[in-house]
Amino acid sequence: MDKSQITQVEANLQACDEVWLSDSCAVLSDRVFDTDPSQVLIESSDPQKLRFRLIEWLAEAPNRQVKAERKKKIAETLNISTRQVERLLDRYNDTRLHETTGIERSDKGQHR
């Protein structure tokens, strides 16, 4: 590829980003691209809720770069590996990660 083709591809990518941003329902602010988990830490005092909130924050990442940075920060914050963070994210996406603490009973909500 020569320089003119590269600049044309970059212009097309920027146009796609602008279309994506303008078509989105929510107005994107700088907060969306934030990679500092301090606000999430302040909001949660319970360890289980903290883990849930951090993984929820990770799932809301707008792009891969921000997601990777958030994943590293969460791993440092929780003192676990990034692979464990990915497992927690998978559980969150499968709706198996719960905000509440404790094990749920298999007969919950059923009368004896």
### Task
Take atom CG of Asp94 as the centre, draw a 6.0 Å sphere, and report whether it contains more than 12 heavy atoms from other residues, nucleotides or ligands.
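Yes, the 6.0 Å shell around CG holds more than 12 heavy atoms from other groups.
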### Query
Between CZ of Arg64 and NZ of Lys71, what distance do you get to the nearest 0.5 Å?
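So the CZ of Arg64 and the NZ of Lys71 are separated by 9.0 Å.
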### Query
Roughly how far, to the nearest 0.5 Å, is CG of Leu54 from CG of Leu89?
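Here the interatomic distance stands at 12.0 Å.
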### Message
Whether the side chain of Gln84 engages the backbone of Ser81 through a donor-acceptor N/O pair (distance < 3.5 Å, no angle test) should be reported.
### Response
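Yes.
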### Query
Do any N or O atoms from the side chain of Asn63 and from the backbone of Gln65 form a donor-acceptor pair under 3.5 angstrom?
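Side chain of Asn63 to backbone of Gln65, a donor-acceptor pair under 3.5 Å: yes, one is there.
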Do the non-hydrogen side-chain atoms of [X] and [Y] ever get within less than 4.5 Å of each other?
X	Y	answer
Lys67	Arg70	no
Leu50	Leu78	yes
Ile74	Thr82	no
Ile55	Val85	yes

### Message
Per the salt bridge (Lys or Arg N to Asp or Glu O under 4.0 Å) rule, what does the pair list look like for residues 72-84, sequence neighbours excluded?
### Response
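Residue pairs with at least one partner in residues 72-84: Arg83-Glu86.
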